[in-house]
Number of protein chains: 4
Amino acid sequence: MLVSAKRVSEHGGRTFTEEARRAQIVRAAIDTVAEHGYPNTSFSKIAQRAGLSSTGMISYYFAGKAELFDEVVATVLRAAEEFVGPRIQHAQTYRAKLRAYIESNLDFMAKYPGHTLALAEIIIGTRDRDNVPVGAINQATASIDALVDCLDKGLAAGEFADVEPRVMAVAIRGAIDNTLRHHMLTPGVDLESYGSKLADIFDRATRSAS
Amino acid sequence: MLVSAKRVSEHGGRTFTEEARRAQIVRAAIDTVAEHGYPNTSFSKIAQRAGLSSTGMISYYFAGKAELFDEVVATVLRAAEEFVGPRIQHAQTYRAKLRAYIESNLDFMAKYPGHTLALAEIIIGTRDRDNVPVGAINQATASIDALVDCLDKGLAAGEFADVEPRVMAVAIRGAIDNTLRHHMLTPGVDLESYGSKLADIFDRATRSAS
Amino acid sequence: MLVSAKRVSEHGGRTFTEEARRAQIVRAAIDTVAEHGYPNTSFSKIAQRAGLSSTGMISYYFAGKAELFDEVVATVLRAAEEFVGPRIQHAQTYRAKLRAYIESNLDFMAKYPGHTLALAEIIIGTRDRDNVPVGAINQATASIDALVDCLDKGLAAGEFADVEPRVMAVAIRGAIDNTLRHHMLTPGVDLESYGSKLADIFDRATRSAS
Amino acid sequence: MLVSAKRVSEHGGRTFTEEARRAQIVRAAIDTVAEHGYPNTSFSKIAQRAGLSSTGMISYYFAGKAELFDEVVATVLRAAEEFVGPRIQHAQTYRAKLRAYIESNLDFMAKYPGHTLALAEIIIGTRDRDNVPVGAINQATASIDALVDCLDKGLAAGEFADVEPRVMAVAIRGAIDNTLRHHMLTPGVDLESYGSKLADIFDRATRSAS
DNA sequence: GATGAATGAGTGTTCATTCAT
DNA sequence: AATGAATGAACACTCATTCAT
């Protein structure tokens with residue numbers, strides 16, 4: 001049997017050009033959601049931004065609306081993880097890891113505000129056919145679980161005091177996301193300086209009340 | 001000229017039945033958004049839930065989609081304010097007011113989870129024709145501003161240490177909202193117990209690092 | 001048998017107040033058509049302009065859309081006839097009557113531009129259920145017939161030369177109506193001065209070519 | 001890159017089939033307006049007549065109602081110009097040109113009564129959002145201006161006497177259009193014979209009163 | 001593999017009319 | 001006699017998806 005001339009990437013047996021097209025569409029989808037909001041995002045707006053002549057192309061490359069936005073979410077999360085992950089791992093103490101988590105998240109937002117905004121819109125707006133916001137479960141819990149894990153270990157190591165890890169993790173994640181939202185509405189805000197201040201808040205919150 | 005037999009309420013010269021219908025539609029809209037998500041909410045879904053024969057009825061009572069959802073937002077915010085306001089005013093110190101703010105917000109969410117969920121979806125999903133999420137600005141800043149004011153006064157009174165009021169306010173609001181979101185996804189969570197724990201977190205965060 | 005307390009006018013057994021309401025609605029309809037055009041004229045626009053609280057009132061006083069606009073047409077034609085008729089009758093020769101017809105028509109238009117505009121829009125736009133513009137037939141032929149009659153008699157009296165009455169009548173009527181239309185689009189035009197010039201044209205056209 | 005297999009016409013980068021569909025829809029629109037009148041013309045009536053499965057197809061090929069009817073007007077005017085133009089240019093004197101204008105206009109109407117009728121309805125019925133019948137301005141003034149120009153030149157050449165060009169032009173145009181209207185209502189009329197008689201009228205009207 | 005064309009259900013909104021009171 | 005409320009069909013238009021080529 002001959003090997004196919006078209007090289008196939010590791011992603012579900014797709015060719016390189018196929019993968020490139022998908023990436024192009026995903027990028028256009030991110031930008032469109034960021035600009036128009038998820039409810040106002042349609043295939044035709046995405047196709048237009050991607051420079052495609054018809055919406056049929058999108059359906060050709062993605063099985064449906066759900067698959068496209070799943071890929072969008074995955075893409076943004078992957079980018080965020082690549083940006084944030086190393087900085088957390090590089091930190092020595094759990095307290096330092098917590099600070100790195102908060103600050104690097106805000107740095108990522110500052111660098112890719114559209115990505116983060118689109119992510120939030122899609123996660124909140126997407127539901128499966130049982131009306132359960134299924135994408136949200138995966139993503140939100142994944143992000144939260146990582147934080148919980150960090151807090152758990154820090155507690156065990158005696159670095160944090162008086163912390164209920166899950167409550168704290170949910171609060172931190174919400175604080176980070178809301179900071180972006182606040183930033184989008186009041187453009188004067190400097191996200192980077194917010195990072196260290198936000199980190200300060202939760203640094204203090206994880207100390208004993210003394 | 002005799003006084004009209006139809007009694008007119010204080011709301012913009014509308015009759016009682018008119019006001020009742022509007023309230024009925026607003027209620028149905030809240031429930032529909034909470035269940036299906038804002039992007040999947042249509043007039044026909046709302047009409048169906050409200051037991052109306054056609055979507056035309058909704059257009060008959062509301063000038064447009066925007067007016068309906070403006071009223072939804074206003075209704076939920078009014079309810080929240082009535083619930084939360086007195087508890088904050090009743091607290092004596094600013095530190096106590098902060099705790100009351102957090103706890104009563106979570107209590108409100110526990111009591112009317114659909115209201116709060118719908119509110120968040122609409123605020124995030126609604127944009128004006130310049131793609132600016134205009135409802136969000138009004139509401140979000142209003143809620144944030146109230147918190148900032150409380151923190152400012154507490155700082156002046158020497159009750160809080162090391163606080164940058166706006167950063168802190170944004171964080172608190174985000175933590176509260178995300179707690180609801182987390183609660184919706186993982187139904188086991190007890191919102192009321194979360195309230196005091198969340199209050200603890202920000203109580204500690206507003207103390208001096210010692 | 002007792003006489004009804006409500007006085008009844010000669011118009012199909014309607015009371016005075018009824019007739020007043022109808023007149024009020026007809027007036028509002030004329031203005032609305034003149035301003036928005038016949039295709040954009042709806043009962044709600046008319047009701048609004050007439051100061052009525054609901055469109056139901058219009059349906060209450062008029063059996064349907066057709067009856068309302070029939071009355072509008074009749075009203076405008078009656079007004080025009082009252083304005084134009086005496087001036088024609090007062091003229092001594094048929095040539096003078098023709099001039100009087102043209103000039104007084106343009107004077108009427110100058111005085112009630114909305115009426116004439118609305119009339120034209122409705123006549124052109126209205127069809128019965130067989131798609132025949134039925135109102136138009138009645139009105140247009142009535143107006144044309146009067147002109148034809150005048151030209152016929154003038155011909156018999158030897159005042160006009162080389163005239164095919166119907167062709168001429170249609171041309172005159174069209175010239176008059178188009179002058180109004182032209183006036184509406186280019187507001188600088190002085191309708192009154194146009195009247196004598198238009199009369200000159202057809203005065204010459206009815207002379208022998210010699 | 002290879003040249004696309006789909007051939008593209010010169011009209012705004014549209015393909016042949018696209019252009020064909022548009023023409024088909026425009027044709028159906030003309031017929032529908034001629035039969036039902038402009039106010040009673042809807043996308044669904046047009047789609048039905050064009051043999052299309054849904055009104056969505058029309059929106060697919062035309063950006064909106066306005067674009068469709070703009071194209072209808074342009075199509076009819078183009079056809080009329082192609083029909084009328086050469087006959088006017090072929091005439092040697094301005095007096096002959098005037099006769100050619102009137103007669104060829106009526107010949108066109110006799111050949112395409114639906115086109116002309118539809119044109120008149122759309123022009124009269126269409127307004128922009130300031131209630132200005134904008135299409136009318138362009139078309140009516142264009143047609144009038146051509147006539148005015150002819151009369152001006154004829155005056156300068158000493159062919160016409162005692163003529164106020166604009167008044168005369170408006171009268172001629174109105175006479176022509178009204179003749180069509182009259183013809184539609186009373187089908188016995190022979191438009192072609194009307195043409196020479198109408199030309200006679202304005203031929204006489206442009207001679208000196210002697 | 002790629003695409004332009006087509007589909008049909010769905011969107012919010014307006015319409016003239018009816019009806020119970 | 002008069003009216004506010006309600007109706008349901010129709011409106012122009014957009015949607016994600018399918019399909020023949």
Side-chain angles (χ1 to χ4, degrees), chain A residues 6 14-15 17-18 21 39-47 52-68, chain B residues 4-6 8 14-18 20-21 39-47 52-69, chain C residues 6 14-15 17-18 21 39-47 52-68, chain D residues 4-6 8 14-18 20-21 39-47 52-69:
Chain A
K6 311 229 171 163
R14 297 194 201 91
T15 64
T17 63
E18 226 172 341
R21 278 267 195 235
N40 302 321
T41 294
S42 66
F43 274 25
S44 60
K45 280 208 187 80
I46 297 171
L52 303 173
S53 58
S54 87
T55 66
M57 287 239 48
I58 299 176
S59 291
Y60 180 72
Y61 283 105
F62 293 91
K65 208 183 173 185
E67 188 185 300
L68 168 56
Chain B
S4 164
K6 309 240 166 155
V8 166
R14 295 196 201 91
T15 62
F16 272 15
T17 62
E18 208 172 344
R21 274 273 189 238
N40 304 319
T41 294
S42 66
F43 273 26
S44 59
K45 281 209 188 79
I46 296 171
L52 303 173
S53 61
S54 78
T55 69
M57 285 241 49
I58 299 177
S59 291
Y60 181 75
Y61 283 103
F62 293 90
K65 206 181 174 185
E67 189 184 300
L68 169 54
F69 285 108
Chain C
K6 310 231 169 160
R14 295 194 203 90
T15 63
T17 62
E18 227 172 340
R21 278 269 195 231
N40 303 320
T41 294
S42 66
F43 274 25
S44 61
K45 280 207 188 81
I46 297 171
L52 303 172
S53 58
S54 87
T55 66
M57 286 238 51
I58 299 176
S59 292
Y60 180 73
Y61 282 105
F62 294 91
K65 207 183 173 185
E67 189 183 302
L68 168 56
Chain D
S4 164
K6 311 240 167 158
V8 165
R14 294 196 202 91
T15 61
F16 273 14
T17 62
E18 208 174 345
R21 274 273 188 236
N40 303 319
T41 294
S42 66
F43 274 24
S44 59
K45 281 210 188 77
I46 297 171
L52 303 174
S53 61
S54 78
T55 69
M57 285 241 48
I58 299 177
S59 291
Y60 180 74
Y61 283 103
F62 293 91
K65 206 182 174 185
E67 189 184 300
L68 169 56
F69 285 108

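Reminder, nothing fancy here: chain letters follow the sequence lines and each chain counts from 1. Excluded from the calculations below are hydrogen atoms, water molecules and symmetry mates; all remaining heavy atoms, backbone and side chain alike, are included.
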| query | Who passes ring-ring contact (aromatic ring centres under 6.0 Å, His included) against Phe69(B), sequence neighbours left out? | reply | Tyr38(B)
Measure across [X] and [Y] and return the closest heavy-atom pair with its distance rounded to 0.1 Å.
X	Y	result
Phe43(C)	Leu68(C)	CE1-CD2, 4.0 Å
Ala47(A)	Ile58(A)	N-CD1, 3.8 Å
Leu52(C)	Arg21(C)	CD2-NH1, 4.0 Å

Under-4.0 Å side-chain N/O to phosphate OP1/OP2 contact, [X] with [N]:
X	N	value
Ser54(B)	dG8(F)	no
Ser44(C)	dA16(E)	no
Ser42(A)	dT14(F)	no
Arg21(D)	dA6(E)	yes
Ser53(B)	dG8(F)	yes

Whole angstroms only, please: what is the [atom1]-[atom2] distance between [X] and [N]?
X	N	atom1	atom2	answer
Ile46(D)	dA10(F)	CD1	P	16 Å
Leu68(D)	dC11(F)	CG	C1'	15 Å
Glu18(D)	dA6(E)	CD	C1'	13 Å
Glu67(B)	dT13(E)	CD	P	10 Å
Tyr61(D)	dG4(E)	OH	P	12 Å
Ile58(C)	dA5(F)	CD1	P	17 Å
Leu52(D)	dG8(E)	CG	P	12 Å

| task | Report the residue (Lys45(C) or Thr41(B)) whose heavy-atom-nearest nucleotide on DNA chain E is the more 5′ of the two. | result | Thr41(B)
| field | Secondary-structure stems for DNA chain E, with pairs counted as Watson-Crick or G-U when both distances are under 3.5 Å and runs at least 3 long | value | E:2-21 with F:2-21
| task | Sort and list the pairs that fulfil salt bridge (Lys or Arg N to Asp or Glu O under 4.0 Å) and have at least one residue in residues 59-68 of chain C, not counting sequence neighbours. | result | Arg22(C)-Glu67(C)
Kindly give the atom pairs (protein nitrogen or oxygen, nucleotide nitrogen or oxygen) under 3.5 Å for nucleotides 17-19 of chain E.
from    : atom 1 : to       : atom 2 : distance (Å)
dT17(E) : OP2    : Lys65(C) : N      : 3.2
dT17(E) : O4     : Thr55(C) : OG1    : 3.0

| For Ser53(B), what residues pass the side chain to side chain donor-acceptor pair (under 3.5 Å) criterion, not counting sequence neighbours? | none
| Taking only residues two or more places apart in sequence, or in another chain, which ones meet Ser54(A) in a side chain to side chain donor-acceptor pair (under 3.5 Å)? | none
